[in-house]
Amino acid sequence: MTVPHALLDALVDDAGLFPPTALPMDRAVERHRADAAAGEAMHTHRFLVPASRLGELRSLLRDGEVFELGLIADQDAETLAAACAQILADPRLRLALLEVPLKAFGEDEHTALDAVSATLQDVPGEVPLYAEPVVQAHPEPLLTALAAHAGTRPLGAKLRCGGVRAELFPSVEQVAAFVCACVAAGVPFKATAGLHEVVRHTAPETGFTHHGYLNLLLAAATAADGGDEAAVRAVLEIEDGGELARRADTLTGEQAVAARHALVSYGSCSTARPVSEARALLHTPVKEHE
């Protein structure tokens with residue numbers, strides 16, 4: 001296979017603190033250090049941490065090291081503002097991006113984004129913000145609100161692909177609509193939760209049907225190449241790993257780049273599994289960082 005490296009490079013955020021793995025902070029920090037030392041090209045080397053747990057993380061950091069953080073707004077505006085201030089004042093931390101569920105900040109996307117923008121007034125404008133819609137099945141209000149706030153900082157959307165309950169897994173129709181809407185609006189998106197394996201599958205221990213991260217990458221490529229929702233949905237439904245690998249192999253470098261302009265990264269509670277599965281399915285070594 002000759003899958004373009006651009007499709008996989010810097011794809012996986014470290015979400016080890018989150019379910020189902022939910023590592024204790026000390027183990028998550030040690031694993032992240034080991035990953036940083038290994039320099040795996042599929043990793044973004046961003047550590048996703050809830051704002052409410054920043055103190056735990058800071059207590060474990062060493063002088064001279066730097067953790068790049070994806071800060072998750074998991075409580076209120078006051079907690080988020082305090083966490084941002086602590087990160088900006090700590091030389092061991094760098095705020096790489098913010099992820100915000102808007103329903104915690106307002107009744108609708110416009111009101112919530114106004115509140116978030118006010119909270120982040122002291123955060124440098126180059127730090128991207130990825131906003132999760134109030135109702136994921138209806139991303140249009142979010143995209144309208146993001147357009148209204150364009151120019152304040154880099155803005156994107158957040159797609160939740162699963163969780164601990166069956167109802168948290170969006171249908172292929174919902175994911176296809178989300179991907180197509182983001183691509184049409186020129187809004188990049190991140191994904192989170194549920195993307196445990198490379199190919200769409202049903203987990204035997206829960207009976208939950210999970211979206212595959214390669215399905216999602218190829219869905220983004222399809223939408224970026226002008227495919228409609230039906231075409232994107234068809235890619236999301238593929239459960240044959242060989243078929244996905246063949247489709248990935250036919251992508252040009254430009255198509256891979258376009259896919260990744262749409263899908264920025266996804267959070268994985270395992271940082272080893274995405275890499276090993278990519279190597280096994282695509283039969284190509286993942287390029288090391290130079």
Min side-chain heavy-atom separation [X]-[Y] under 4.5 Å:
X      : Y      : result
Leu8   : Leu217 : yes
Pro170 : Gln136 : yes
His110 : Thr144 : yes
Phe18  : Ile72  : yes
Leu251 : Arg247 : no
Leu17  : Met25  : yes
Leu236 : Val232 : yes
Tyr213 : Val12  : no

Mind checking whether [X] and [Y] have parallel, tilted or perpendicular rings, split at 30° and 60°?
X      : Y      : result
His210 : Phe169 : perpendicular
Phe47  : Phe67  : perpendicular
His45  : His43  : perpendicular

| query | Is the shortest distance from a Lys or Arg side-chain nitrogen in Glu243 or Arg246 to a carboxylate oxygen in the other one below 4.0 Å? | reply |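 Counted as a salt bridge, because a side-chain N and a carboxylate O are separated by less than 4.0 Å.
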| query | Is any side-chain N of the basic residue among Arg279 and Glu40 closer than 4.0 Å to the acidic one's carboxylate O? | reply |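 Salt bridge between Arg279 and Glu40, a charged N being under 4.0 Å from a carboxylate O: yes.
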| request: Output, in order, the C-alpha distance, side-chain angles, deciding distance and verdict of side-chain contact (heavy atoms from CB on, under 4.5 Å) for Glu30 and Arg27. | output: CA-CA 5 Å; Glu30 286 302 320; Arg27 287 179 56 197; 5.7 Å; no
Quick one: [atom1] on [X] to [atom2] on [Y], what's the gap to the nearest 0.5 Å?
X      : Y      : atom1 : atom2 : value
Ser270 : Glu277 : OG    : CD    : 8.5 Å
Arg31  : Thr271 : CZ    : OG1   : 3.5 Å
Leu57  : His32  : CG    : NE2   : 9.0 Å
Leu281 : Ser276 : CG    : OG    : 11.0 Å
Leu216 : Leu263 : CG    : CG    : 5.0 Å

Report yes or no: does [X] contribute a side-chain atom to a donor-acceptor pair with the main-chain N or O of [Y] at less than 3.5 Å?
X      : Y      : value
Glu109 : Val134 : yes
Glu239 : Val199 : no
Thr152 : His149 : yes
Gln174 : Ser171 : yes
His201 : Glu197 : no
Asp9   : Met42  : no
Arg53  : Glu56  : no

| When you look at CZ of Arg92, are more than 12 heavy atoms from neighbouring residues, nucleotides or ligands closer to it than 6.0 Å? |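 Count over threshold, so yes.
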Could you report the tightest heavy-atom contact between [X] and [Y], atom names first, then the distance?
X      : Y      : answer
Asp74  : Ala51  : OD1-N, 3.3 Å
Leu7   : Ala259 : CD1-CB, 4.2 Å
Gly207 : Thr202 : O-CG2, 3.6 Å
Phe178 : Ala157 : CZ-CB, 3.8 Å
Val183 : Ala262 : CG2-CB, 3.9 Å
Cys269 : Thr21  : SG-OG1, 3.2 Å

What side-chain donor-acceptor pairs closer than 3.5 Å can you find for residues 222-230, not counting sequence neighbours?
| from | atom 1 | to | atom 2 | distance (Å) |
| --- | --- | --- | --- | --- |
| Thr222 | OG1 | Leu218 | O | 2.8 |
| Asp225 | OD2 | Gln255 | NE2 | 3.4 |
| Asp228 | OD1 | Ala230 | N | 3.2 |
| Asp228 | OD1 | Ala231 | N | 2.9 |

| said: Please identify which of these residues, Leu71, Val66, Leu54, Leu88, meets the side-chain contact (heavy atoms from CB on, under 4.5 Å) condition with Leu93. | reply: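 The side-chain contact (heavy atoms from CB on, under 4.5 Å) with Leu93 is passed solely by Leu54 among Leu71, Val66, Leu54, Leu88.
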| query | Checking side-chain contact (heavy atoms from CB on, under 4.5 Å) against Tyr266, which of Leu11, Asp13, Thr44 comes through? | reply |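 The side-chain contact (heavy atoms from CB on, under 4.5 Å) with Tyr266 is passed solely by Leu11 among Leu11, Asp13, Thr44.
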| said: Checking Leu143 against Cys182 for the side-chain contact (heavy atoms from CB on, under 4.5 Å) test, could you report, in this order, the C-alpha distance in whole Å, the side-chain angles of both residues, the deciding distance, and whether it holds? | reply: CA-CA 7 Å; Leu143 299 177; Cys182 285; 4.1 Å; yes
| request: Run the numbers on Leu69 and Arg46 for side-chain contact (heavy atoms from CB on, under 4.5 Å), then give the verdict. | output: CA-CA 5 Å; Leu69 300 186; Arg46 287 190 292 259; over 6 Å; no
In a table with atom names and distances, give each donor-acceptor pair under 3.5 Å that connects a side chain of residues 117-130 to protein atoms at least two apart or in another chain.
| from | atom 1 | to | atom 2 | distance (Å) |
| --- | --- | --- | --- | --- |
| Ser117 | OG | Leu113 | O | 2.9 |
| Thr119 | OG1 | Ala115 | O | 2.9 |

| message | Is there a side-chain contact (heavy atoms from CB on, under 4.5 Å) between Leu214 and Leu282? Walk through the geometry before answering. | response | CA-CA 10 Å; Leu214 185 55; Leu282 302 176; 4.1 Å; yes
Cut-off 3.5 Å, no hydrogens considered: what does the side-chain donor-acceptor table look like for residues 97-107, sequence neighbours left out?
| from | atom 1 | to | atom 2 | distance (Å) |
| --- | --- | --- | --- | --- |
| Glu99 | OE1 | Lys158 | NZ | 2.7 |
| Glu99 | OE2 | Lys190 | NZ | 2.6 |

